[in-house]
Asks: 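The structure is given below, and queries will be raised subsequently.
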Amino acid sequence: MSAVEQPGRAPGTPDEDGRIPRHVAIVMDGNGRWAERRRSPRFNGHRAGVNAVRETVQACAERGVEVLTLFAFSSENWRRPAEEVGLLMNLFVSALQQEMRRLHSNNIRLHVAGERAAFNHHLQEQIAEAEALTADNTGMQLVVAANYGGRWDIVQAARHLAQQVADGTLTPDDVDETRFAQAVCLSGLPEPDLFIRTGGETRISNFLLWQLAYTELYFTETLWPDFDRTALDAAFVAFSSRERRFGRTGDQVAHSKG
Ligand code: FPP
C-alpha cells in the first residue's frame, strides 16, 4: 500500500485529516521532450500523455480527490506549428470518444473550461456530448481546461460583472472578491489545494491565476507521460507535510487544530 492510502477507506471517500487534497490542478508538461528522448515524433509524446491522463484520473478518483483540473491546451498553445495543433485537436476528439464511457461508468462528471468557440465544430460537439453524458454523475469532477488562460478567465469575469453594472443589476460597490470568484471559471468548486506541474519548469504559465492564490505548488522533473500513481502519491506526501496558514501564524493554525 502506498504511503497516502488509508486502511479501510473506500475508494472515492474524501479523507478527514487533509492528507488528500480536495482539488488537484495539473499542468501536464513534457510530452514533447519525452518523445524527443525516444527519437520519436512529438505527437507520440502527446499520445502517451493520454495514458498518463487515464491513470491519473483513475488514481485521483480512488484516493478521494473531489475535483481534478487538467491543463490540456492553453490559449497560447495556438502558437505551436499548425500541424501539431491539428494533431492535438484530433487527439482530444478521439480521447473524448474513447474515454467518456469509462468516465461515466466510474461516476465521474466532466466539464470543459475555456473558450470552446475557437474549437472546430466536431470537437465542440464531442465536448457537449461528453458533458451531457456525465452531467448527473456524483463522483469526482474532472475539469479539462482547454483553450484556457488565467488572464482570459479574469478578463471574462470582469466583462461579465461590468455588463451587470451597465445593466443596472449591480453597483460598482457590489463587486467584491466573493462576486468575482463567482464569475471566474470553476466557480462553485473548492479552490485548488494542490497544483502540480510536471516536466521540470517552475512556472504557472497563465493557468488558474485567480484560483491558485492559496494553493500549494509542487513541481517535479517527471515528464508527463511518465507521471503515474507513484508520482501522484509522492506529490500527495509532499502536500500532507505543508502547513497551510492562509495568512495566519503557525501558532494560530496549531490552536485551531485543537
Ligand atoms: C505539454 O507538453 C502538453 C500539451 C500542450 C498537451 C497536453 C495534452 C495531453 C496530455 C493529451 C490529452 C489530454 C486530455 C485531457 C485528453 P509539451 O508539448 O509542451 O512538452 P515539452 O515541454 O516537452 O515540449
Side-chain angles (χ1 to χ4, degrees), residues 24-61 65 67-104 106 108-114 116 118-120 122-131 133-134 140-150 185-186 195-208 219-228 231-232:
V24 180
I26 307 184
V27 172
M28 308 178 288
D29 198 12
N31 293 348
R33 278 165 287 159
W34 183 92
E36 280 157 19
R37 282 179 197 174
R38 287 163 176 73
R39 301 189 193 288
S40 183
R42 287 176 58 81
F43 181 64
N44 286 342
H46 296 313
R47 206 179 268 152
V50 176
N51 296 333
V53 168
R54 192 181 303 113
E55 177 158 353
T56 302
V57 168
Q58 211 168 332
C60 282
V65 170
V67 186
L68 172 64
T69 301
L70 300 175
F71 205 5
F73 192 82
S74 75
S75 321
E76 292 74 31
N77 284 151
W78 295 109
R79 297 178 191 150
R80 293 186 174 211
E83 191 195 359
E84 183 169 337
V85 171
L87 288 169
L88 271 171
M89 295 297 144
N90 291 340
L91 186 68
F92 294 150
V93 171
S94 63
L96 280 170
Q97 276 170 344
Q98 281 164 23
E99 304 298 333
M100 66 182 186
R101 265 161 253 296
R102 191 197 308 266
L103 294 176
H104 188 44
N106 282 287
I108 293 170
R109 181 171 170 188
L110 175 79
H111 172 65
V112 173
R116 63 178 81 180
F119 292 135
N120 67 44
H122 191 36
L123 181 51
Q124 289 188 46
E125 273 184 356
Q126 200 59 58
I127 290 171
E129 194 182 329
E131 285 182 334
L133 178 72
T134 62
M140 189 177 80
Q141 296 216 41
L142 172 61
V143 181
V144 174
N147 196 20
Y148 175 89
C185 291
L186 275 53
F195 163 98
I196 299 172
R197 181 174 186 147
T198 62
E201 309 286 0
T202 48
R203 290 188 287 273
I204 290 174
S205 293
N206 200 21
F207 196 22
L208 303 162
F219 299 96
T220 170
E221 294 290 326
T222 304
L223 303 175
W224 176 251
D226 292 327
F227 194 83
D228 56 11
L232 181 74

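Quick note: numbers below take in every heavy atom, side chains included, and nothing from hydrogens, waters or symmetry partners. Whatever order the structure lists them in is the order used to number ligands and atoms, beginning at 1.
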Asks: On a heavy-atom basis, which atom in Val27 and which in Phe195 lie closest, and how many Å separate them?
Replies: CG2-CE1, 3.6 Å
Asks: Which of the atoms in ligand 1, numbered in the order shown and given with their element, are less than 4.0 Å from a heavy-atom of Trp224?
Replies: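 Those qualifying, in numeric order: 10 (C).
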Asks: Can you name the atoms of ligand 1, numbered from 1 with element, that are less than 4.0 Å from a heavy atom of Arg33?
Replies: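 By the 4.0 Å cutoff, the relevant atoms are 21 (P), 22 (O), 23 (O).
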Asks: Using a strict cut-off of 4.0 Å, indicate which atoms of ligand 1 neighbour a heavy atom of Val50.
Replies: 11 (C), 12 (C)
Asks: Using a 4.0 Å heavy-atom cut-off, say whether Phe73 meets ligand 1 through its side chain, its backbone, both or neither.
Replies: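 Phe73 to ligand 1: no contact under 4.0 Å from either part.
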Asks: Gly30 to ligand 1: N or O pair under 3.5 Å?
Replies: yes
Asks: Out of Arg80, Arg54, Glu99, Arg37, who gets a non-hydrogen atom closest to atom 18 (O) of ligand 1?
Replies: Arg80
Asks: Which heavy atom of the protein is the closest neighbour of atom 7 (C) of ligand 1, given with residue, atom name and distance?
Replies: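 Scanning the protein heavy atoms, the shortest distance from atom 7 (C) of ligand 1 goes to Ala72 O, 3.5 Å.
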Asks: Just to confirm my output: which protein heavy-atom neighbour is closest to atom 4 (C) of ligand 1, and how far is it?
Replies: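 Sorting protein heavy atoms by distance from atom 4 (C) of ligand 1 puts His46 CE1, 3.9 Å first.
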Asks: Under a 4.5 Å cut-off applied to non-hydrogen side-chain atoms, are Arg197 and Thr202 in contact?
Replies: no
Asks: Return yes when atom CZ of Arg101 has more than 12 non-hydrogen atoms of other residues, nucleotides or ligands closer than 6.0 Å, and no otherwise.
Replies: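 12 or below, so no.
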Asks: Going by the atom numbers of ligand 1, which of them fall below 4.0 Å from some non-hydrogen atom of Arg42?
Replies: 17 (P), 18 (O), 24 (O)
Asks: For atom 10 (C) of ligand 1, grab the closest protein heavy atom and report residue, atom and distance to one decimal in Å.
Replies: Asn31 ND2, 3.5 Å
Asks: Under 4.0 Å from a heavy atom of Met28: give me the atoms of ligand 1 that qualify, with their elements.
Replies: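 Answer for ligand 1: 1 (C), 2 (O), 3 (C), 10 (C).
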Asks: If the condition is salt bridge (Lys or Arg N to Asp or Glu O under 4.0 Å), which residues does Glu201 pass it with, not counting sequence neighbours?
Replies: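 Arg203.
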Asks: So do the side chains of Val112 and Glu131 get within less than 4.5 Å of each other, counting heavy atoms only?
Replies: yes
Asks: Tell me which part of Glu36 gets within contact of ligand 1: side chain, backbone, both or neither, using heavy atoms under 4.0 Å.
Replies: neither
Asks: Can you name the salt bridge (Lys or Arg N to Asp or Glu O under 4.0 Å) partners of Glu36, sequence neighbours left out?
Replies: Arg42
Asks: Before signing off on this row, confirm whether Asn77 and ligand 1 have an N or O atom pair separated by under 3.5 Å.
Replies: no
Asks: Would you check whether Trp34 has a nitrogen or oxygen atom less than 3.5 angstrom from a nitrogen or oxygen atom of ligand 1?
Replies: no
Asks: So between Ala95, Gly200, Gly45, whose heavy atom ends up nearest atom 16 (C) of ligand 1?
Replies: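 Closest candidate by heavy-atom distance is Ala95.
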